[in-house]
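Working notes, structure below.
Letters A, B, ... mirror the listed sequences (proteins, then strands); counts begin at 1. This one's a predicted model, so the numbers in the text were calculated from it and none came from an experiment.
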Amino acid sequence: MSFSDLGLSEKVLAAVAATGYTTPTPIQEQAIPHVLARKDVLGIAQTGTGKTAAFVLPMLTILEKGRARARMPRTLILEPTRELAAQVKENFDRYGAGQKLNVALLIGGVSFGDQDAKLTRGVDVLIATPGRLLDHTERGGLLLTGVELLVIDEADRMLDMGFIPDIERVCKLVPFTRQTLFFTATMPPEIRRITETFLHNPQKVEVSKPATTAVTVTQCQVPAGREAHEKRELLRRLLREAKDLQNAIIFCNRKREVAIVHKSLQKHGFSVGALHGDMDQSARTAALEQFRKGELPLLVASDVAARGLDIPEVSHVFNFDVPHHPDDYVHRVGRTGRAGRTGTAISLVTPLDQKSMVAIEKLIGQSIPRAEGDYAVSADTGEHSDRPRESRGRERSRGGRGKPQRGGRDRERSHEPREPRGEARHASETTPSAEARPAPEARPAREPRPPREARQSSEPRHGARQPANPSHVPSIGRPEPRRQREADSEPGDHSHLPAFLLRPVRSPAGA
DNA sequence: AAAAAAC
C-alpha cells in the first residue's frame, strides 16, 4: 500500500514524497479514502500513529478546489492545546507548500489583531483552541457558517480539560451539513454520547495502540525521599550518571514544581528549558523550539508536553513526580523510544507513590524494575524483590475523570519546617562530588549508543508484556555511604557536567 | 493529588 493508492491529488502526493514518506500508517490508510469520499469519520487513535496527516493530507486535496471568502473559513480544526494547534499548522505548511492556501492559527496568548486581519483576508484552514475561537466569533469577526469540514482532534483530552461545552457551542455555529472528522484515543461514555450528536453515519476507523509502553524503552524506578529537595538532588545525580543521554524531558505534576525544578537545574549549571501552561506563549514557543533544535538538551515540563507534541528523538524521560493517573505515565514515556528507537524512562518514586506505581505496572502489564544503587532496597544482588508482579489487568477505563476539577490549591505540608523557596539549601543539599563518585558507566553523552539486540523485530504490536529485562536496568552509581554525598560541588562549579549539558554563557532566560 | 484553555 502506498500513498498513491488512497486517492490523494498529485500535488499532495508530491509534497508527501518530498518529505520522504512512502508508506501510509494504518490510520492514514483507513481514514484518507473516507475523508476524500466526504464521509464523517470517527477515528480512534493515539498520538504518534500518524493521525494528523490522516486528516491534513485529504483536506489539502479537497481544498484545491474553491476559494475562501472573507471571515468565512472553509474548514475548522479544533485542538486542545496551543502547541498542538501550532503543530497542525506546521503540517499544513509542510504538505501544502505547493498550493496557495491561507491557514490561520487562532490560539490564546498571542495578538488578537493579527489573527483578525488574517480572518478578514479569508482563510481556507482555521486551526484553533476553543477559547480564542469563541472569542473571535463573539466579537463578530468570524463566521462559521461557511465551514464545510470540521475536525475535532483529541476529543477525550478536550473532555478531560472541560472543553466539551465549548465544542458543543462551536458545533451549533457550523452548518449541519458539514463533514465532521472526530478523533479520540479512548471512548468514555461522554465521548460516545457526543459522537452520536456530532457525527452522521460515521465511518469508524480504529488503530488503538496498546495501553503499554514501547518495548524499546528501558524503564526503571528509583526510590526517592519524599522531600522535594531530596528529589532534586537525586535528579541531578541521575542526569549526570545517565548513560547515552542525548536529551531528556523531566515531567513534574505541578506547574509550580516545573518552575522550581527548572530554576534549580539552571542554578546547578544545566542547560535546561521549561514548559508549562502558566508561562507566556512566547516563552513556551521558545522553549519548545530550542528543545526541538537541540539547543537545550533538557526540558522540564508539565503534562502539557506529555501528549501529542512532536518532539523527535528524546533519549530519556524522567518522571520527577510519578503521575497520578497511569494513562499519563504511558503518554509521558511515549515521548521516548519512538519509531523503534531505544529510550530510557526513569521515575523517582517516593513512598507515597507506591500505589500509583502499582496502578501503572498493572496498566502497562509489566513490572518496572528498581534501579540498582544506594537508593535501592536490595542493591547488592541486583535482585528485585517485588517482581515479577501480578500484572495481567488491562482496563483502559478512565472512570471518574470526566469532570474537570478546579480550584485545587496545593496543600503545604506543615509538620516540618519548610525548605526555603527556590533552593537556598545548597550547602547541605548535596550530591556526590565528581571525585568521590566511582565514575561509573558514565560514557560521554554524545558517544554513539552501544548496539542493543533488536528486540522489537518480532514483537507483536499489541500487548507486548514481557517483564523488562533486568540487564537493561540502568545502574545508578554504586552504593556509597550516604555521608559522602554531603559534600556536593557548589552550584557554581559545573566542571563535572558533560559539556553539552552545561548552560551556555549567554543563557536564554527560561521561564 | 493536576494540567490545560479567553480577555
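A straight line from CG of A:L352 to P of B:dA2 spans 14 Å, rounded to a whole angstrom. Rounding to whole angstrom units, CZ of residue A:F320 and C1' of B:dA2 are separated by 16 Å. As rounded to whole Å, 14 Å separates atom C1' of B:dA6 from atom CG of A:L142. The NE2 atom of A:H325 sits 13 Å away from the C1' atom of B:dA1 (whole-angstrom rounding). For A:D156 and B:dA3, the CG to P distance is 20 Å, given to the nearest whole Å. Separating the CG atom of A:D328 from the C1' atom of B:dA1 is a distance of 12 Å, rounded to the nearest angstrom. Here B:dA6 presents its C1' atom at 14 Å from CG of A:L78, a figure rounded to the nearest Å. As rounded to whole Å, 7 Å separates atom P of B:dA4 from atom CG of A:D278.
For the OP1/OP2 pair of B:dA4 and a distance below 4.0 Å, the side-chain nitrogens and oxygens of A:S302 include at least one atom meeting the criterion. At B:dA1, none of the side-chain N or O atoms of A:K355 fall inside 4.0 Å of OP1 or OP2 (strictly under the cut-off). Checking the phosphate oxygens (OP1, OP2) of B:dA5, no side-chain nitrogen or oxygen of A:T81 falls inside 4.0 Å. For A:R157 and B:dA3, the shortest distance from a side-chain N or O to OP1 or OP2 is not below 4.0 Å. One finds no side-chain N or O of A:R226 lying less than 4.0 angstrom from the OP1 or OP2 phosphate oxygen of B:dA1.
Ring planes of A:H136 and A:F112: parallel class, angle under 30° (limits at 30 and 60°).
Salt-bridge formation is detected for the pair A:K231/A:D321: a Lys NZ or Arg NE/NH1/NH2 atom is positioned less than 4.0 Å from an Asp or Glu carboxylate oxygen. The residues A:K51 and A:D153 are annotated as salt-bridged, a charged nitrogen and a carboxylate oxygen being separated by less than 4.0 angstrom.
For the pair A:D116/A:R71, a side-chain contact is recorded, criterion being any heavy-atom separation below 4.5 Å from C-beta on. Counting heavy atoms from C-beta on, the side chains of A:F291 and A:V314 come closer than 4.5 Å.
Within 4.0 Å of A:D303, counting heavy atoms only, lies no atom of the nucleic acid at all. Residue contacts shown for A:R139 are absent, as no nucleic acid heavy atom lies under 4.0 Å away. As judged by a 4.0 angstrom heavy-atom cut-off over every strand, A:F112 is placed among residues making no nucleic acid contact.
Side chain of A:T129, nearest nucleotide from B:dA1, B:dA4, B:dA6: B:dA6. For A:M161, the listed nucleotide lying nearest its side chain is B:dA5; candidates were B:dA1, B:dA5, B:dA6. The listed nucleotides are B:dA6, B:dA1, B:dA4; the one nearest the side chain of A:R254 is B:dA1.
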